[in-house]
Amino acid sequence: MSVTSLSFPYGESIRWFAPDDLEALPATPLTEWLLATGSLTAKLKSHCHHFEVKVLGEALLQTAPNESQLPQAWVREVLLILDGTPWVFARTLVPESLLARCGDELTGLGDRPLGELLFSSDHFTPGRIEVAGFQSCGTLASLAASLGQNVQGRLWGRRRYFGCEGEELTVSEIFLPAAMDIILSNQ
Ligand SMILES: C=C(O[C@@H]1C=C(C(=O)O)C=C[C@H]1O)C(=O)O
């Protein structure tokens with residue numbers, strides 16, 4: 001699968017909301033995925049025979065506008081691929097101050113799922129979940145198109161906070177059109 005002629009980073013500036021602050025959440029099957037509190041990796045693996053993490057890029061970068069109070073962070077962007085179909089675009093932001101304490105674990109993941117670290121290590125505590133439904137007119141739509149998935153209408157995603165020694169890293173997970181079609185066809 002040739003991912004795209006675009007280049008990392010792909011993340012867009014997305015306005016996130018607490019679930020209760022949204023006027024409407026999407027259909028129940030998708031909302032269940034958005035609000036699931038366990039590892040998304042584990043949940044995705046239960047829906048496929050072959051699970052793959054494709055790393056799109058990792059680097060210390062400036063954060064997107066309105067994305068973080070931090071001017072820059074360690075950014076990891078991946079595609080989570082089920083039986084050859086990209087289901088999720090994920091973007092993780094790690095504060096530099098956190099890198100100094102547990103950076104090796106986070107920056108040395110490679111194509112191992114981040115969730116296997118976050119949900120196995122005592123260093124990290126899963127925190128609050130925010131949700132967003134947005135019209136992507138930027139790099140995420142282009143990325144999806146390059147994957148043969150055309151964005152029709154809104155994309156839905158979530159942003160989760162993971163605490164570590166008084167700091168927080170964030171993991172944003174955007175469900176791509178192919179995933180939304182499959183999830184919503186199970187209504
Ligand atoms: C946070 C998790 O890790 C998953 C794996 C990611 C990665 O490898 O970069 C990013 C987002 C997650 O969907 C999880 O499994 O819940």
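One-based numbering, in listed order, for ligands and for the atoms of each. All values reported here derive from a predicted model rather than from experimental measurement.
- Between the side chain of S121 and the backbone N or O of L117, no donor-acceptor pair lies under 3.5 Å.
- For the pair E58 and T107, the minimum side-chain heavy-atom distance is 4.5 Å or more.
- Under the 4.5 Å side-chain criterion, counting only non-hydrogen atoms from C-beta, L140 is in contact with F134.
- The P113 neighbourhood of ligand 1 comprises atoms 8 (O), with distances under 4.0 Å to a heavy atom of that residue.
- Residue, atom and distance of the protein heavy atom nearest to atom 6 (C) of ligand 1 are L114 CB, 3.6 Å.
- Ring orientation note: the planes of W87 and W33 are tilted relative to one another, at an angle of 30° to 60°.
- For a threshold of 3.5 Å applied to N or O pairs, the pair formed by V53 and ligand 1 contains no separation below that value.
- R154 approaches Q135 most closely through the heavy-atom pair CG-NE2, 3.6 Å.
- The ligand atoms of ligand 1 that sit less than 4.0 angstrom from a heavy atom of L80 are 13 (O).
- Annotation: atom 13 (O) of ligand 1 to nearest protein heavy atom, E173 OE2, 2.7 Å.
- From the protein, the heavy atom lying nearest to atom 4 (C) of ligand 1 is T41 OG1, 3.3 Å.
- Those atoms of ligand 1 with a heavy atom of F119 less than 4.0 angstrom away are 16 (O).
- In D21, the CG atom is crowded: over 12 heavy atoms of neighbouring residues, nucleotides or ligands sit closer than 6.0 Å.
- Heavy atoms from other residues, nucleotides or ligands lying under 6.0 Å from CD of Q62 number 12 at most.
- With a heavy-atom cut-off of 4.0 Å, V171 touches ligand 1 through its side chain alone.
- Counting only heavy atoms of the protein, atom 9 (O) of ligand 1 lies nearest to R76 NE, 2.7 Å.
- When non-hydrogen atoms are compared, ligand 1 lies under 4.0 Å from neither the backbone nor the side chain of E116.
- Atom 1 (C) of ligand 1 has R160 NH2, 3.4 Å as its closest protein atom, hydrogens excluded (heavy atom only).
- The N/O atoms of T92, backbone and side chain alike, include none that comes under 3.5 Å of an N/O atom in ligand 1.
- For ligand 1, one of its N or O atoms has an N or O atom of G115 under 3.5 Å away.
- In A90, the part holding a heavy atom less than 4.0 Å from any atom of ligand 1 is the side chain.
- Between the side chain of T63 and the backbone N or O of L70 there is at least one donor-acceptor pair closer than 3.5 Å.
- Salt-bridge check for R128 with E168: passed, with a basic side-chain N closer than 4.0 Å to an acidic carboxylate O.
- Each of the atoms 7 (C), 9 (O) of ligand 1 lies under 4.0 Å from some heavy atom of V78.
- Hydrophobic clustering (ILVMFWY, side-chain heavy atoms < 4.5 Å, transitive): L118 and W74 are in one cluster.
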